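This report concerns only the one structure given below.
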Amino acid sequence: MDYVLAPSDVVWNKIDNPRVPGVGFAFSESVIDDDYTGVYSAQLGLIGPGGSSKPHRDPYNHAFYFIKGTGTVRIGQQTWDLEPGTIVKIPRGEVHGFENTGDEDLVFLVVYDPPYVAGSRFEKK
């Protein structure tokens, strides 16, 4: 188990999976998984400038902590602005989508409950 993961250690993988809606997405491998806990999992993600996710539902709870960039999130019929430090909670089954509205990557930590890893096939970025 790696106890510390520096930003330079992160390998970004472009999503190459038609079941994951949107454009401009990349995720790290799991940064918290069953070698640490089986209760939840976590990944780092990014949406490039102009990227977005189409409104969709997921069968798990997930929470996002935004680290860098600006964007918007739509949950149901409401929309909020995103900036570094923003926390977003998406309950399972809730329709939601994200958009990068800035000119730099929108970078975030996503925690899944129950454990999950976004994208079953990655393409190295």
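Because the structure is a prediction, the values reported are computed rather than measured.
With Glu99 contributing its side chain and Ser52 its backbone, the two residues share no donor-acceptor pair below 3.5 Å. A distance-only check finds a donor-acceptor pair linking the side chain of Asn100 to the backbone of Gly48 [under 3.5 Å].
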With a 3.5 Å cut-off and sequence neighbours excluded, list the donor-acceptor pairs that the side chains of residues 72-89 form with protein atoms.
| residue | atom | partner | partner atom | Å |
| --- | --- | --- | --- | --- |
| Arg74 | NE | Gly76 | O | 3.3 |
| Arg74 | NH2 | Gln77 | OE1 | 3.1 |
| Thr86 | OG1 | Glu83 | N | 3.2 |
| Thr86 | OG1 | Glu83 | O | 2.8 |

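Between Phe108 and Phe98, the ring-plane angle classifies as parallel under the 30° and 60° cut-offs.
Connection of Tyr36 to Leu5 is established within a shared hydrophobic cluster, with ILVMFWY side chains joined at heavy-atom distances below 4.5 Å, either directly or through further cluster members.
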Stepwise, does the side-chain contact (heavy atoms from CB on, under 4.5 Å) test hold for Asn61 with Tyr112?
CA-CA 6 Å; Asn61 295 320; Tyr112 302 99; over 6 Å; no

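Partner of Leu44 under the side chain to side chain contact (heavy atoms under 4.5 Å, CB included) criterion, chosen from Val11, Ile67, Val110, Val107: Ile67.
Side-chain contact between Pro59 and Arg92: absent, with no pair of heavy atoms (C-beta onward) separated by less than 4.5 Å. Two residues are said to be in side-chain contact when any heavy atoms from C-beta on lie closer than 4.5 Å; Ser41 and Ile32 fail this criterion.
Every residue two or more places apart in sequence or in another chain was checked for a side-chain contact (heavy atoms from CB on, under 4.5 Å) with Asp103, and none qualifies. Asp34 meets the side-chain contact (heavy atoms from CB on, under 4.5 Å) test with no other residue; sequence neighbours excluded. Asp58 meets the side-chain contact (heavy atoms from CB on, under 4.5 Å) test with His56, Tyr60, His62, His96; sequence neighbours excluded. Among residues two or more places apart in sequence or in another chain, the side-chain contact (heavy atoms from CB on, under 4.5 Å) test is passed with Val111 by Tyr40, Ala42, Leu109.
The heavy-atom pair separating Gly38 from Pro115 by the smallest distance is O-CG, 3.2 Å.
Rounding to the nearest 0.5 Å gives a distance of 10.0 Å between CZ of Phe64 and CG of Leu106.
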